[in-house]
Asker: 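For reference, the structure I am asking about is given below.
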Amino acid sequence: MSSIKSTSRRTFGLAVAGVALALATAGLSHAEDVRTIKIATAAESKPLSWGAIGVEPQGYEPDVLKAINAKLPQYKFVMEGAADIAQETGLATGKYDIATGGYYRAPAREKQFLIPESPIGASLIKIYSRKDSGINEMKDLVGKKIVPVTAGGGIYKFATAWQEKNPDFKIEITASSAGIPYPDRLKEVENGKYDALVLPSNLGEQTVIDQQKLDVKASEPVAINNTFVLIHRSEENKALSEDIDKALKELKADGTLAKLSQKWFGEDITTYMK
């Protein structure tokens, strides 16, 4: 073998090895560039979202989160179901980067978390009461015992604002952070512990009522609210919030949100999204 051929082969081999090393390094660099985002979704709010820890979350919000992630390859979304109280606590401490669960904007949340401007969905607030209660609207709650609502949450904000606009009708709203699951609250309405439960209708209440054959009915919507993604407040997450906001705008514009809402709710909730 001539020295020229030998040198040429060695040079070629080194070049191939160099290319392989460059590709491997590029792949490693890409992997390092992808940031894992841990997300807490509602654990038992079918069809909005359900799936306990260790179970793949299903429902409207998990599907929207997957659609968002498809538009943002720089992130890897990892979802797990969590109880309501665990979601906001985990988000505040940084255990989770994101939480979704039909959340409304509220002053306390806007101060504590980052919230993209674009909504992820919309919910219809309804009153759940026994079928013989005669309760059909907010005015009917005067003198009634209402299930406590999350302190600083969307329902508390709604009820407080309604009271201010209707001072002649005094309703008693108690704030709580007990985090008792909605199915248990519905049972408390049926057994008479409480007269009514005020909640968004996209948390799976009707499914619980039907499956457990509860003597509970839902009123017509008393209010309509946008729902939002909550993000742990940090400098690093400001870009994440902006990216999610942009993705949500695109998903609404291209009809993806409408398609997913039809799939899970049987109606196009985007028509209610302001």
Side-chain angles (χ1 to χ4, degrees), residues 42-50 60-61 83-85 87-88 100-109 119 121-210 212 214-228 230 265 267 269 272-274:
E44 47 185 287
S45 297
K46 186 176 182 176
L48 181 71
S49 176
W50 78 99
Y60 172 76
E61 288 185 333
D84 295 343
I85 188 80
Q87 280 187 289
E88 291 202 55
T100 62
Y103 290 112
Y104 303 159
R105 280 188 179 277
R109 284 179 179 156
S123 71
L124 312 180
I125 297 177
K126 297 183 179 181
I127 302 171
Y128 295 87
S129 62
R130 289 182 299 282
K131 291 179 180 178
D132 61 356
S133 68
I135 296 174
N136 297 299
E137 57 182 322
M138 291 298 289
K139 294 176 182 179
D140 296 331
L141 295 177
V142 174
K144 304 297 184 180
K145 192 172 183 182
I146 305 168
V147 172
V149 300
T150 303
I155 295 297
Y156 183 81
K157 178 184 177 183
F158 158 69
T160 301
W162 185 92
Q163 184 70 91
E164 290 175 352
K165 293 178 181 178
N166 299 273
D168 295 335
F169 298 91
K170 301 294 183 182
I171 59 177
E172 296 294 328
I173 296 291
T174 304
S176 170
S177 58
I180 298 175
Y182 304 135
D184 294 336
R185 289 304 202 190
L186 287 167
K187 291 176 185 176
E188 290 176 335
V189 169
E190 184 184 50
N191 66 31
K193 181 176 180 179
Y194 295 101
D195 295 306
L197 170 66
V198 182
L199 274 182
S201 63
N202 60 359
L203 301 179
E205 297 93 327
Q206 195 58 51
T207 299
V208 173
I209 291 170
D210 294 340
Q212 300 188 19
L214 300 180
D215 191 33
V216 174
K217 66 180 177 68
S219 71
E220 290 298 314
V222 294
I224 298 169
N225 282 286
N226 287 341
T227 58
F228 295 87
L230 305 185
F265 304 125
E267 64 177 325
I269 63 171
Y272 299 109
M273 292 165 64
K274 307 175 186 70

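Side chains included, hydrogens not; waters and symmetry mates left out as well; all remaining heavy atoms used.
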Asker: Let's go through Tyr128 and Glu205 carefully: what are the C-alpha distance in whole Å and the side-chain angles of both, what is the deciding distance for side-chain contact (heavy atoms from CB on, under 4.5 Å) to 0.1 Å, and is it a yes or a no?
Answerer: CA-CA 9 Å; Tyr128 295 87; Glu205 297 93 327; 3.6 Å; yes
Asker: Is there a side-chain contact (heavy atoms from CB on, under 4.5 Å) between Thr160 and Glu164 once you walk through the steps?
Answerer: CA-CA 6 Å; Thr160 301; Glu164 290 175 352; 4.0 Å; yes
Asker: When rounded to the nearest 0.5 angstrom, what is the spacing between CG in Asp184 and CG in Leu197?
Answerer: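 The CG atom of Asp184 sits 11.5 Å away from the CG atom of Leu197.
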Asker: Evaluate the side-chain contact (heavy atoms from CB on, under 4.5 Å) criterion for residues Phe158 and Ile125: first the C-alpha distance (whole Å), next the side-chain angles of each, then the deciding distance (0.1 Å), finally the verdict.
Answerer: CA-CA 9 Å; Phe158 158 69; Ile125 297 177; 3.9 Å; yes
Asker: Starting from the C-alpha separation in whole Å, work towards a yes-or-no answer on side-chain contact (heavy atoms from CB on, under 4.5 Å) for Ile269 and Tyr60.
Answerer: CA-CA 11 Å; Ile269 63 171; Tyr60 172 76; 3.9 Å; yes
Asker: Please tabulate, one pair per line, all N/O donor-acceptor pairs under 3.5 Å involving side-chain atoms of residues 137-147, not counting sequence neighbours.
Answerer:
residue : atom : partner : partner atom : Å
Asp140  : OD2  : Asn136  : N            : 2.8
Asp140  : OD2  : Glu137  : N            : 3.1

Asker: Quick check: closest heavy atoms across Gln87 and Ala42, and the distance to 0.1 Å?
Answerer: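 Smallest interatomic distance, heavy atoms only, reads NE2-N, 3.5 Å.
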Asker: I'd like to know if the side chain of Gln163 reaches the main chain of Phe169, judged simply by a donor and an acceptor atom lying under 3.5 Å from each other, with no hydrogens or angles considered.
Answerer: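 Yes: the side chain of Gln163 pairs with the backbone of Phe169.
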Asker: Identify the heavy atoms of Tyr103 and Asp84 that sit nearest to each other, and give their distance.
Answerer: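 Nearest heavy atoms, Tyr103 then Asp84: OH-O, 4.1 Å.
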Asker: Using atom types as modelled and distance alone, determine if a side-chain donor or acceptor of Arg130 lies under 3.5 Å from a backbone N or O of Asp215.
Answerer: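 Side chain of Arg130 to backbone of Asp215, a donor-acceptor pair under 3.5 Å: no, none is there.
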Asker: List the atom of Ala106, the atom of Lys157, and the distance in Å for their closest heavy-atom pair.
Answerer: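 Heavy atoms of Ala106 and Lys157 come nearest at CA-CD, 4.2 Å.
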Asker: Can you tell me how far apart CD1 (Ile224) and CE (Met273) are? Round to the nearest 0.5 Å.
Answerer: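 It is 13.0 Å, given to the nearest 0.5 Å.
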Asker: Could you tell me the separation between the CD1 atom of Ile135 and the NZ atom of Lys217, rounded to the nearest 0.5 Å?
Answerer: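 Answer rounded to 0.5 Å: 7.0 Å.
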Asker: Name all pairs fulfilling the side chain to side chain donor-acceptor pair (under 3.5 Å) condition that reach into residues 218-227, sequence neighbours left out, sorted by first residue then second.
Answerer: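 Listed once each, the pairs would be none.
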Asker: Are Trp162 and Ile171 packed together at the side-chain level, in the sense that at least one heavy-atom pair is separated by less than 4.5 angstrom?
Answerer: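 In short, these two side chains touch, coming nearer than 4.5 Å.
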Asker: Testing the basics here: between Asn202 and Ser123, what is the closest heavy-atom pair and its distance to 0.1 Å?
Answerer: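 Smallest heavy-atom distance, with atoms named: ND2-CB, 3.2 Å.
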Asker: Would you find a donor on one side and an acceptor on the other, under 3.5 Å apart, between the side chain of Ser201 and the backbone of Lys126?
Answerer: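 No; zero donor-acceptor contacts below 3.5 Å.
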Asker: Would you say the side chain of Ser45 lies within less than 4.5 Å of the side chain of Trp50, judging by non-hydrogen atoms?
Answerer: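 In short, these two side chains do not touch, never coming nearer than 4.5 Å.
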Asker: Do other residues, nucleotides or ligands put more than 12 heavy atoms under 6.0 Å from the CD atom of Gln212?
Answerer: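 Result for CD/Gln212: enclosed.
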Asker: Does the side chain of Tyr156 reach to within under 4.5 Å of the side chain of Thr150, using non-hydrogen atoms?
Answerer: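 The answer is no; the side chains never approach within 4.5 Å.
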Asker: Answer yes or no: is there an ion pair linking Arg185 with Glu188, defined by an N-O contact shorter than 4.0 Å?
Answerer: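 Salt bridge present between Arg185 and Glu188.
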Asker: Taking all non-hydrogen atoms of both residues into account, name the closest pair between Ser129 and Val189 and its distance.
Answerer: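 Result for this residue pair: CA-CG1, 3.8 Å.
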Asker: How close do Leu199 and Ile155 get, heavy atom to heavy atom, and via which atoms?
Answerer: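 Where Leu199 meets Ile155 most closely, the heavy atoms are CA-CD1, 4.1 Å.
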Asker: Between Glu61 (side chain only) and Gly101 (backbone N and O only), is there a donor and an acceptor less than 3.5 Å apart?
Answerer: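 Yes; judged by distance alone, with no hydrogens or angles, the pair exists.
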